[in-house]
Protein chains: 2
Amino acid sequence: MSTKILDRCETMGLRVTGQRRIVAEVLEAADDHPDVETIHARAAARDPGISVATVYRTVKLFEESGLLERREFGDGRARYEDAKRDHHDHLIDMQTGAVIEFVDPEIEALQERIARRLGYDLKGHRLELFGTKRN
Amino acid sequence: MSTKILDRCETMGLRVTGQRRIVAEVLEAADDHPDVETIHARAAARDPGISVATVYRTVKLFEESGLLERREFGDGRARYEDAKRDHHDHLIDMQTGAVIEFVDPEIEALQERIARRLGYDLKGHRLELFGTKRN
DNA sequence: ATATGTGCAAATGGTTTGCGTCAGC
DNA sequence: GCTGACGCAAACCATTTGCACATAT
(Lines give C-alpha, C1' and ligand atoms only; values in the text may rest on other atoms or scores of the structure.)
Protein backbone atom coordinates (compact mmCIF):
# COMPACT_ATOMS: atom_id res chain seq x y z
CA MET A 1 0.00 0.00 0.00
CA SER A 2 1.24 3.45 -0.93
CA THR A 3 2.64 5.61 1.79
CA LYS A 4 0.63 8.63 0.67
CA ILE A 5 -2.33 9.66 2.79
CA LEU A 6 -4.44 10.40 -0.27
CA ASP A 7 -3.81 6.96 -1.78
CA ARG A 8 -4.72 5.29 1.49
CA CYS A 9 -7.81 7.48 1.54
CA GLU A 10 -8.90 6.05 -1.81
CA THR A 11 -7.96 2.54 -0.76
CA MET A 12 -10.28 2.91 2.21
CA GLY A 13 -13.10 3.63 -0.21
CA LEU A 14 -13.52 7.20 0.95
CA ARG A 15 -14.76 9.78 -1.51
CA VAL A 16 -11.91 11.92 -2.75
CA THR A 17 -13.02 15.53 -2.78
CA GLY A 18 -10.98 18.65 -3.43
CA GLN A 19 -10.98 19.52 0.26
CA ARG A 20 -9.92 16.07 1.40
CA ARG A 21 -7.12 16.06 -1.16
CA ILE A 22 -5.82 19.34 0.23
CA VAL A 23 -6.08 18.31 3.89
CA ALA A 24 -4.28 15.06 3.05
CA GLU A 25 -1.51 16.93 1.27
CA VAL A 26 -1.15 19.46 4.06
CA LEU A 27 -0.62 16.68 6.57
CA GLU A 28 1.57 14.79 4.14
CA ALA A 29 3.87 17.80 3.97
CA ALA A 30 3.77 18.61 7.69
CA ASP A 31 6.81 17.77 9.77
CA ASP A 32 5.26 19.19 12.93
CA HIS A 33 2.05 18.52 14.89
CA PRO A 34 -0.49 21.01 13.54
CA ASP A 35 -3.81 21.66 15.27
CA VAL A 36 -7.01 22.16 13.27
CA GLU A 37 -6.62 25.93 13.10
CA THR A 38 -3.15 25.51 11.62
CA ILE A 39 -4.25 22.81 9.20
CA HIS A 40 -7.08 25.05 8.09
CA ALA A 41 -4.72 27.98 7.57
CA ARG A 42 -2.39 25.87 5.42
CA ALA A 43 -5.31 24.42 3.47
CA ALA A 44 -6.82 27.87 2.94
CA ALA A 45 -3.59 28.94 1.28
CA ARG A 46 -4.54 26.56 -1.54
CA ASP A 47 -8.31 26.88 -1.41
CA PRO A 48 -9.46 30.05 0.36
CA GLY A 49 -13.02 28.70 0.40
CA ILE A 50 -12.39 25.67 2.60
CA SER A 51 -14.20 25.88 5.93
CA VAL A 52 -12.97 24.96 9.40
CA ALA A 53 -15.97 22.68 9.79
CA THR A 54 -14.80 20.66 6.82
CA VAL A 55 -11.30 20.42 8.23
CA TYR A 56 -12.75 19.18 11.52
CA ARG A 57 -14.91 16.64 9.67
CA THR A 58 -12.01 15.52 7.51
CA VAL A 59 -9.42 14.99 10.22
CA LYS A 60 -12.00 13.13 12.28
CA LEU A 61 -12.85 10.90 9.32
CA PHE A 62 -9.18 10.33 8.54
CA GLU A 63 -8.47 9.48 12.15
CA GLU A 64 -11.35 7.01 12.32
CA SER A 65 -10.08 5.48 9.08
CA GLY A 66 -6.61 5.09 10.53
CA LEU A 67 -4.95 7.56 8.17
CA LEU A 68 -4.13 10.10 10.86
CA GLU A 69 -3.40 9.97 14.57
CA ARG A 70 -4.89 12.44 16.95
CA ARG A 71 -2.72 13.75 19.80
CA GLU A 72 -3.69 15.76 22.84
CA PHE A 73 -0.84 17.49 24.58
CA GLY A 74 -2.80 19.16 27.33
CA ASP A 75 -3.28 22.57 25.77
CA GLY A 76 -6.92 22.01 24.92
CA ARG A 77 -6.64 21.48 21.18
CA ALA A 78 -6.12 18.29 19.23
CA ARG A 79 -3.14 17.83 16.96
CA TYR A 80 -2.77 15.46 14.04
CA GLU A 81 -0.02 13.56 12.29
CA ASP A 82 0.28 10.97 9.54
CA ALA A 83 -0.40 7.55 11.03
CA LYS A 84 2.05 5.92 8.66
CA ARG A 85 5.11 7.67 10.04
CA ASP A 86 7.49 5.50 11.99
CA HIS A 87 6.26 4.97 15.53
CA HIS A 88 7.48 7.47 18.06
CA ASP A 89 6.45 9.10 21.33
CA HIS A 90 6.42 12.69 22.55
CA LEU A 91 7.92 14.73 25.33
CA ILE A 92 6.21 18.07 25.90
CA ASP A 93 7.62 21.10 27.68
CA MET A 94 4.52 22.36 29.50
CA GLN A 95 6.05 25.83 29.91
CA THR A 96 6.92 26.47 26.29
CA GLY A 97 4.71 23.93 24.53
CA ALA A 98 7.78 22.58 22.75
CA VAL A 99 7.20 19.12 21.29
CA ILE A 100 10.11 16.71 21.31
CA GLU A 101 9.74 13.53 19.31
CA PHE A 102 11.71 10.50 20.27
CA VAL A 103 11.88 6.77 19.84
CA ASP A 104 12.70 4.57 22.77
CA PRO A 105 12.10 0.84 22.70
CA GLU A 106 12.06 0.74 26.49
CA ILE A 107 8.80 2.71 26.60
CA GLU A 108 7.04 0.04 24.59
CA ALA A 109 8.25 -2.73 26.84
CA LEU A 110 7.48 -0.60 29.87
CA GLN A 111 3.89 -0.01 28.83
CA GLU A 112 3.27 -3.64 28.19
CA ARG A 113 5.06 -4.73 31.34
CA ILE A 114 3.15 -2.31 33.56
CA ALA A 115 -0.21 -3.25 32.12
CA ARG A 116 0.63 -6.92 32.47
CA ARG A 117 1.90 -6.45 36.01
CA LEU A 118 -1.54 -5.11 36.87
CA GLY A 119 -3.31 -7.97 35.15
CA TYR A 120 -4.72 -5.72 32.50
CA ASP A 121 -6.01 -7.20 29.25
CA LEU A 122 -4.47 -5.32 26.34
CA LYS A 123 -6.23 -6.86 23.36
CA GLY A 124 -7.62 -4.32 20.91
CA HIS A 125 -7.08 -1.41 23.26
CA ARG A 126 -4.98 1.68 22.89
CA LEU A 127 -3.00 2.67 25.94
CA GLU A 128 -1.64 6.15 26.57
CA LEU A 129 1.20 6.59 28.98
CA PHE A 130 1.31 9.91 30.85
CA GLY A 131 4.49 10.66 32.71
CA THR A 132 5.25 13.88 34.58
CA LYS A 133 8.55 15.28 35.69
CA ARG A 134 9.33 18.56 37.39
CA ASN A 135 12.83 19.95 37.21
CA MET B 1 4.67 20.93 56.78
CA SER B 2 1.40 19.12 57.34
CA THR B 3 0.24 16.71 54.72
CA LYS B 4 -3.29 18.10 54.68
CA ILE B 5 -4.29 20.24 51.73
CA LEU B 6 -6.14 22.69 53.94
CA ASP B 7 -3.11 23.27 56.17
CA ARG B 8 -0.89 23.84 53.16
CA CYS B 9 -3.55 26.22 51.89
CA GLU B 10 -3.23 28.29 55.07
CA THR B 11 0.55 28.05 54.99
CA MET B 12 0.48 29.53 51.50
CA GLY B 13 -1.31 32.53 52.94
CA LEU B 14 -4.52 31.82 51.04
CA ARG B 15 -7.81 32.89 52.53
CA VAL B 16 -9.62 29.93 54.02
CA THR B 17 -13.27 30.11 53.07
CA GLY B 18 -16.00 27.57 53.64
CA GLN B 19 -15.93 26.56 49.99
CA ARG B 20 -12.17 26.15 49.85
CA ARG B 21 -12.26 24.06 52.98
CA ILE B 22 -14.78 21.73 51.37
CA VAL B 23 -12.95 21.46 48.05
CA ALA B 24 -9.73 20.72 49.93
CA GLU B 25 -11.40 18.01 51.97
CA VAL B 26 -13.08 16.48 48.94
CA LEU B 27 -9.71 16.11 47.22
CA GLU B 28 -8.09 14.99 50.45
CA ALA B 29 -10.56 12.12 50.62
CA ALA B 30 -10.44 11.27 46.92
CA ASP B 31 -8.56 8.15 45.89
CA ASP B 32 -9.44 8.62 42.23
CA HIS B 33 -8.93 11.41 39.67
CA PRO B 34 -12.11 13.50 39.82
CA ASP B 35 -12.93 16.12 37.21
CA VAL B 36 -14.50 19.45 38.16
CA GLU B 37 -18.05 18.20 37.72
CA THR B 38 -17.36 15.32 40.09
CA ILE B 39 -15.59 17.53 42.62
CA HIS B 40 -18.53 19.90 42.51
CA ALA B 41 -21.00 17.06 43.05
CA ARG B 42 -19.08 15.81 46.08
CA ALA B 43 -18.73 19.33 47.44
CA ALA B 44 -22.42 20.04 46.90
CA ALA B 45 -23.23 17.07 49.10
CA ARG B 46 -21.83 19.12 51.98
CA ASP B 47 -22.83 22.60 50.84
CA PRO B 48 -25.63 22.55 48.24
CA GLY B 49 -25.02 26.22 47.56
CA ILE B 50 -21.47 25.91 46.21
CA SER B 51 -21.20 26.91 42.55
CA VAL B 52 -19.26 25.23 39.78
CA ALA B 53 -17.56 28.55 39.07
CA THR B 54 -16.13 28.55 42.57
CA VAL B 55 -14.89 24.99 42.18
CA TYR B 56 -13.18 25.99 38.93
CA ARG B 57 -11.62 29.02 40.59
CA THR B 58 -10.55 27.01 43.62
CA VAL B 59 -8.89 24.10 41.83
CA LYS B 60 -7.09 26.56 39.57
CA LEU B 61 -5.86 28.54 42.57
CA PHE B 62 -4.81 25.37 44.37
CA GLU B 63 -2.98 24.14 41.31
CA GLU B 64 -1.13 27.43 40.86
CA SER B 65 -0.23 27.29 44.55
CA GLY B 66 1.15 23.79 44.17
CA LEU B 67 -1.47 22.10 46.36
CA LEU B 68 -3.05 20.15 43.51
CA GLU B 69 -1.89 18.73 40.24
CA ARG B 70 -3.95 19.03 37.10
CA ARG B 71 -4.09 16.09 34.73
CA GLU B 72 -5.44 15.87 31.21
CA PHE B 73 -6.10 12.39 29.95
CA GLY B 74 -7.39 13.28 26.53
CA ASP B 75 -11.11 13.21 27.24
CA GLY B 76 -11.49 16.97 27.22
CA ARG B 77 -11.84 17.60 30.92
CA ALA B 78 -9.18 18.31 33.51
CA ARG B 79 -8.74 16.07 36.52
CA TYR B 80 -7.13 16.89 39.82
CA GLU B 81 -5.24 15.13 42.55
CA ASP B 82 -3.39 16.04 45.73
CA ALA B 83 0.11 17.20 44.81
CA LYS B 84 1.54 15.76 48.00
CA ARG B 85 0.79 12.15 47.17
CA ASP B 86 3.76 9.99 46.35
CA HIS B 87 4.92 10.56 42.80
CA HIS B 88 3.39 8.27 40.23
CA ASP B 89 2.49 8.19 36.56
CA HIS B 90 -0.63 7.12 34.67
CA LEU B 91 -1.58 4.64 32.01
CA ILE B 92 -4.94 5.33 30.36
CA ASP B 93 -7.08 2.91 28.43
CA MET B 94 -8.41 5.14 25.67
CA GLN B 95 -11.31 2.77 24.97
CA THR B 96 -12.67 2.53 28.50
CA GLY B 97 -11.13 5.60 30.12
CA ALA B 98 -9.70 3.39 32.84
CA VAL B 99 -6.90 5.08 34.77
CA ILE B 100 -4.05 2.89 35.97
CA GLU B 101 -1.61 4.43 38.40
CA PHE B 102 1.88 3.10 38.59
CA VAL B 103 5.35 3.91 39.78
CA ASP B 104 8.33 3.08 37.66
CA PRO B 105 11.74 4.55 38.33
CA GLU B 106 12.77 3.85 34.74
CA ILE B 107 10.32 6.43 33.43
CA GLU B 108 12.02 9.17 35.40
CA ALA B 109 15.45 8.22 34.16
CA LEU B 110 14.06 7.84 30.67
CA GLN B 111 12.55 11.31 30.63
CA GLU B 112 15.73 12.91 31.81
CA ARG B 113 17.89 10.85 29.50
CA ILE B 114 15.79 11.62 26.43
CA ALA B 115 15.67 15.32 27.14
CA ARG B 116 19.41 15.35 27.76
CA ARG B 117 20.10 13.33 24.65
CA LEU B 118 18.42 16.08 22.71
CA GLY B 119 20.36 18.81 24.47
CA TYR B 120 17.25 20.13 26.15
CA ASP B 121 17.57 22.38 29.20
CA LEU B 122 15.35 21.04 31.96
CA LYS B 123 15.71 23.65 34.67
CA GLY B 124 12.42 24.87 36.13
CA HIS B 125 10.39 23.16 33.43
CA ARG B 126 7.76 20.50 33.69
CA LEU B 127 7.98 17.78 31.10
CA GLU B 128 5.09 15.52 30.14
CA LEU B 129 5.81 12.23 28.48
CA PHE B 130 3.15 10.95 26.08
CA GLY B 131 3.51 7.37 24.95
CA THR B 132 1.06 5.51 22.73
CA LYS B 133 0.64 1.80 22.26
CA ARG B 134 -1.92 -0.06 20.20
CA ASN B 135 -2.62 -3.68 20.98
C1' DA C 1 -29.36 10.02 -10.19
C1' DT C 2 -28.25 9.40 -5.72
C1' DA C 3 -25.69 9.30 -1.84
C1' DT C 4 -22.56 11.93 0.38
C1' DG C 5 -19.68 16.15 1.25
C1' DT C 6 -19.53 21.23 2.08
C1' DG C 7 -20.35 25.97 3.96
C1' DC C 8 -22.63 28.59 7.09
C1' DA C 9 -24.32 29.53 11.32
C1' DA C 10 -26.21 27.85 15.39
C1' DA C 11 -25.47 24.56 19.17
C1' DT C 12 -22.50 22.13 22.53
C1' DG C 13 -19.45 21.20 26.40
C1' DG C 14 -15.80 22.49 29.31
C1' DT C 15 -13.91 26.51 31.39
C1' DT C 16 -13.46 31.54 32.35
C1' DT C 17 -15.01 36.07 33.69
C1' DG C 18 -17.71 40.61 34.79
C1' DC C 19 -20.43 42.32 38.18
C1' DG C 20 -22.98 43.11 42.36
C1' DT C 21 -23.04 41.15 46.87
C1' DC C 22 -21.02 38.80 50.82
C1' DA C 23 -17.47 37.31 54.07
C1' DG C 24 -12.55 36.41 55.97
C1' DC C 25 -9.06 38.70 58.31
C1' DG D 1 -13.68 48.20 56.89
C1' DC D 2 -11.27 46.75 53.14
C1' DT D 3 -9.81 43.36 50.12
C1' DG D 4 -10.75 39.47 48.11
C1' DA D 5 -14.28 35.46 47.38
C1' DC D 6 -18.90 33.88 45.81
C1' DG D 7 -22.94 33.10 42.87
C1' DC D 8 -25.04 33.97 38.73
C1' DA D 9 -25.23 34.51 34.10
C1' DA D 10 -22.93 35.81 30.07
C1' DA D 11 -18.72 35.08 27.48
C1' DC D 12 -15.18 32.05 25.48
C1' DC D 13 -12.88 28.55 22.82
C1' DA D 14 -12.49 24.23 20.61
C1' DT D 15 -15.42 21.18 18.38
C1' DT D 16 -19.87 19.33 16.52
C1' DT D 17 -24.09 19.50 13.97
C1' DG D 18 -28.61 20.80 11.21
C1' DC D 19 -29.81 22.33 6.99
C1' DA D 20 -29.86 23.79 2.14
C1' DC D 21 -26.94 23.37 -1.67
C1' DA D 22 -23.12 21.30 -4.31
C1' DT D 23 -20.44 17.32 -6.10
C1' DA D 24 -18.16 12.58 -6.56
C1' DT D 25 -19.12 8.31 -8.36
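Convention: sequence-line order gives letters A, B, ...; per-chain numbering from 1.
- Side-chain nitrogen and oxygen atoms of B:Gln19 include none within less than 4.0 Å of the OP1 or OP2 phosphate oxygen of C:dA23.
- Distances shown here put a side-chain N or O of B:Thr54 below 4.0 Å from the OP1 or OP2 atom of D:dG7.
- Checked by atom type, the side-chain pair B:Arg20/B:Thr54 shows no donor-acceptor distance below 3.5 Å.
- The pair A:Glu106-B:Arg113 meets the salt-bridge criterion, since a charged nitrogen lies less than 4.0 angstrom from a carboxylate oxygen.
- Counting non-hydrogen atoms under 4.0 angstrom, A:Val52 reaches nothing in the nucleic acid.
- Looking at heavy-atom distances under 4.0 Å, A:Gly49 makes contact with sugar-phosphate atoms alone, never a base.
- Scanning all heavy atoms of the two residues, the minimum distance from B:Leu127 to B:Gln111 falls at O-NE2, 3.3 Å.
- The residue among B:Asp47 and A:Arg57 whose nearest nucleotide of DNA chain D lies closer to the 5′ end is B:Asp47.
- The pair A:Arg8-A:Asp82 meets the salt-bridge criterion, with a side-chain N (NZ, NE, NH1 or NH2) lying under 4.0 Å from an Asp/Glu carboxylate O.
- Contact between the side-chain N/O atoms of B:Tyr56 and the OP1/OP2 oxygens of C:dT15 is found at a separation under 4.0 Å.
- OP1 or OP2 of C:dT6 lies within a sub-4.0 Å distance of a side-chain N or O belonging to A:Thr17.
- Of all nucleotides listed (D:dT15, D:dG7, C:dG5), C:dG5 comes nearest to the side chain of A:Arg20.
- Note on A:Arg15: a base of the nucleic acid sits closer than 4.0 angstrom, heavy atoms only.
- The side chain of B:Lys60 contributes no N or O atom lying less than 4.0 Å from OP1 or OP2 of C:dT15.
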